[in-house]
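This report concerns only the one structure given below.
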Number of protein chains: 2
Amino acid sequence: MTLQKLAKLAGVSVSTVSKAFSDSREISVETKEQILSLAKRHGCFEKYYKGKFGKQLVAVICPEIRGEFYADFAADLNDKIEERGGMMMLSVSGFSAEREEDLIRYYGSFGHADGIIFVSGSLRLKTEPNIPVVQIGGKYKTEKADYIDIDIASGIDQAVEYLKANGHRKIGYIGETLTASKHRLFCEAMRKNALRLEEAYMVNSKMRFQMAGFDAMKQLMEQKDRPTAVIAAYDYMAMGALRYTQEAGLSIPKDVSVIGMNNVSAAAYLDVPLTTIVSHPEELCETAVDLIFKKMDNQFYFARQDITLKSRLIVRDSVANLTGSSEPSRFCCF
Amino acid sequence: MTLQKLAKLAGVSVSTVSKAFSDSREISVETKEQILSLAKRHGCFEKYYKGKFGKQLVAVICPEIRGEFYADFAADLNDKIEERGGMMMLSVSGFSAEREEDLIRYYGSFGHADGIIFVSGSLRLKTEPNIPVVQIGGKYKTEKADYIDIDIASGIDQAVEYLKANGHRKIGYIGETLTASKHRLFCEAMRKNALRLEEAYMVNSKMRFQMAGFDAMKQLMEQKDRPTAVIAAYDYMAMGALRYTQEAGLSIPKDVSVIGMNNVSAAAYLDVPLTTIVSHPEELCETAVDLIFKKMDNQFYFARQDITLKSRLIVRDSVANLTGSSEPSRFCCF
DNA sequence: TTGAAAGCGCTACCAA
DNA sequence: TTGGTAGCGCTTTCAA
């Protein structure tokens with residue numbers, strides 16, 4: 001269906017039909033409504049009534065969406081975007097830089113989105129995209145977009161310090177293929193605290209989520225000389241680890257202490273409430289959405305921002321105090 | 001910037017530039033690359049390299065994304081869509097029919113998507129959209145789109161039967177504002193099983209998620225004459241309810257039995273592993289994606305489908321057997 | 001307010 | 001492989 005054919009059907013000229021779709025003043029209300037309703041009946045209204053959707057379109061590109069952490073993160077972004085009258089479109093990259101490039105190219109191309117929030121990317125942004133981009137976390141920092149970073153390092157540092165203060169020296173780490181950066185930060189935190197890094201105390205599972213936690217914890221606990229505490233790359237892994245200790249007849253925190261990351265909602269509802277590292281996701285989302293709207297509303301707002309948000313430890317019951325003093329040391333929390 | 005001007009800059013004709021953007025065979029690789037890189041430098045590459053994204057665009061409209069249930073659902077859809085070479089764009093309606101209408105209009109209009117999967121909608125589809133739509137669940141069944149239904153009723157029936165078989169007669173329900181349909185199904189299941197519906201045993205919290213479960217369970221348990229079992233509208237509510245009983249010094253399942261819905265991953269990792277109702281979301285997503293691709297690939301595939309998938313009970317440890325026989329009655333499971 | 005006609009931008013075709 | 005040209009579809013202008 002073309003405007004010409006529509007004109008024939010309506011018994012008017014092409015120009016008139018064109019005017020109907022462009023909200024021109026050169027047309028009577030009646031003719032306009034007649035033409036538009038005709039177009040709707042023929043299912044081509046949407047095709048020509050372009051651009052009048054009105055809302056600002058913000059594309060969010062996320063490495064994954066499975067599990068509560070990214071879901072809540074996306075929900076926070078969505079809420080903030082809607083508060084400002086925008087609409088979120090979320091796409092998943094599956095941790096693939098190639099796919100991220102595809103998605104940015106797609107959303108960055110004419111008319112598909114007005115701005116992009118790029119979460120935890122594996123891609124280094126090379127070319128300046130032609131719509132505003134705000135990057136949250138991710139492997140590579142960039143000068144091509146505003147950048148908001150989650151300082152996971154500070155959270156892991158706190159966790160290691162906290163364990164040390166509670167008398168732990170043999171501290172292990174469990175992660176998986178996609179959490180290599182946390183593994184690195186763990187090693188740094190151990191060195192900073194002058195604690196001995198034991199290769200055998202660091203296990204990266206080939207599985208994911210709770211299964212990965214179970215698997216890695218099993219490998220760790222079946223050793224002769226066990227660590228007294230374990231930091232897990234995220235809460236779901238800690239949950240799997242807890243499950244393994246249960247089945248193996250080990251008690252937490254008496255036999256091993258466990259610290260997770262993300263403060264997933266279930267963490268507080270477990271058998272033994274989980275001590276965990278949290279990075280303020282709401283605040284992060286708020287900042288990101290503020291930024292992207294500022295840039296979408298004002299195309300001359302080019303000041304590159306570089307914001308870093310700290311993370312911190314939430315102390316619950318999954319860490320034992322080995323120092324002999326009655327209370328666990330809560331030096332750094334809340 | 002127009003193709004003409006670009007042609008002038010490149011020192012070639014318009015047709016050549018046009019060919020460069022349309023992946024024509026009538027052009028040499030060198031000329032093509034030269035033109036495209038020129039376009040990139042002028043920031044108009046994206047504008048003309050339209051439609052070559054190649055992937056089928058499937059929009060998913062979801063009432064919410066917070067929490068693991070919808071997130072895993074969306075992740076399943078995403079995986080299936082990617083398996084078939086498509087790309088998912090997810091938008092959230094916040095349970096608002098008006099917003100759903102907006103989103104369908106947006107994605108349905110020219111070029112924004114090739115198909116729509118509409119999950120748990122509050123909107124009754126009135127007009128035939130001009131791209132394929134597959135509806136999953138939702139308040140209103142429609143003849144305007146293919147429809148896949150989750151038969152939650154059968155799961156709730158099973159749960160009530162299972163409780164009855166284990167000697168429970170005083171069965172309560174906890175829900176919230178957005179789970180009215182489950183409340184209705186609970187009432188029907190009770191009637192079907194000739195069990196007495198007690199107004200005081202059904203509480204709908206004004207909160208949401210774990211908080212709602214805590215709140216509703218509190219109201220239920222503070223009564224003099226308590227139910228012996230409670231069905232929660234979803235697992236997060238059951239988790240909140242468990243937390244309340246813990247704090248109130250009640251033991252599960254000795255003092256009250258609890259059944260949840262959705263089989264959220266944490267359900268198996270709780271203090272007392274949760275008996276819950278599950279409706280095969282992977283299967284559901286597979287069916288939905290199969291359908292939408294069939295319709296996108298073949299525009300003459302118009303057979304309206306109407307598929308219903310059953311739900312079932314997963315028995316774990318949160319229900320007590322009041323009949324006196326030693327084993328809980330597992331008549332219907334796995 | 002309407003429509004004829006000119007204009008613009010892109011694509012398709014075909015000769016070189 | 002390239003480019004001239006015709007053609008198509010939409011917008012804008014301007015006369016009626």
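Bear in mind that the values here come from a model prediction, so they are computed numbers and not experimental data. Each chain gets a letter, A, B and so on, in the order the sequences are listed, and its residues count up from 1.
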Intermediate values then yes/no, side-chain hydrogen bond (donor to acceptor under 3.5 Å, both in side chains), A:Asp297 and A:Gln56 = CA-CA 9 Å; A:Asp297 292 343; A:Gln56 302 252 48; 2.8 Å; yes
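- Among the nucleotides D:dT5, C:dC10, D:dT2, the one closest to any side-chain atom of B:Thr16 is D:dT2.
- Between C:dA12, D:dT13, D:dC10, one nucleotide has an atom nearer to the side chain of A:Lys19 than all others, and that is D:dT13.
- Listed in residue order, the members of residues 26-40 of chain B having a heavy atom less than 4.0 Å from DNA chain D are B:Glu26, B:Ile27, B:Ser28, B:Thr31.
- Between A:Ser15 and C:dG3 there is no side-chain N or O to OP1 or OP2 distance below 4.0 Å.
- Using cut-offs of 30° and 60° for the angle between ring planes, the B:Tyr70 and B:Phe95 rings count as perpendicular.
- By the 4.0 Å N-to-carboxylate-O rule, B:Lys139 lies too far from B:Glu100 to be salt-bridged with it.
- The shortest non-hydrogen separation linking B:Gly137 to B:Asp149 is CA-OD1, 3.9 Å.
- Among all heavy-atom pairs drawn from A:Asn262 and A:Tyr234, the shortest one is ND2-CB, 3.7 Å.
- Here the P atom of nucleotide D:dT1 and the CZ atom of B:Arg25 are 10 Å apart, to the nearest Å.
- Near-neighbour residues of DNA chain D inside residues 3-14 of chain B, defined by a heavy atom below 4.0 Å, number-ordered: B:Val12, B:Ser13.
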Could you pull out all donor-acceptor pairs under 3.5 Å where a side-chain atom in residues 81-92 of chain A meets a protein atom, sequence neighbours excluded?
unit_1: A:Glu82; atom_1: OE2; unit_2: B:Arg99; atom_2: NE; d: 2.8
unit_1: A:Glu82; atom_1: OE2; unit_2: B:Arg99; atom_2: NH2; d: 3.0
unit_1: A:Arg84; atom_1: NH2; unit_2: A:Asp290; atom_2: OD1; d: 2.4
unit_1: A:Ser91; atom_1: OG; unit_2: A:Tyr107; atom_2: OH; d: 2.8
unit_1: A:Ser91; atom_1: OG; unit_2: B:Met88; atom_2: O; d: 2.6

Evaluate the criterion side-chain hydrogen bond (donor to acceptor under 3.5 Å, both in side chains) for residue pair B:Gln135 and B:Tyr140; output intermediate values, then yes/no.
-> CA-CA 10 Å; B:Gln135 196 182 335; B:Tyr140 305 103; over 6 Å; no
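- Counting any heavy atom pair closer than 4.0 Å across all strands shown, A:Thr2 reaches sugar-phosphate atoms only and no base atom.
- Side-chain contact check for A:Ser22 and A:Ser24: no donor-acceptor pair (N or O, by modelled atom type) lies under 3.5 Å.
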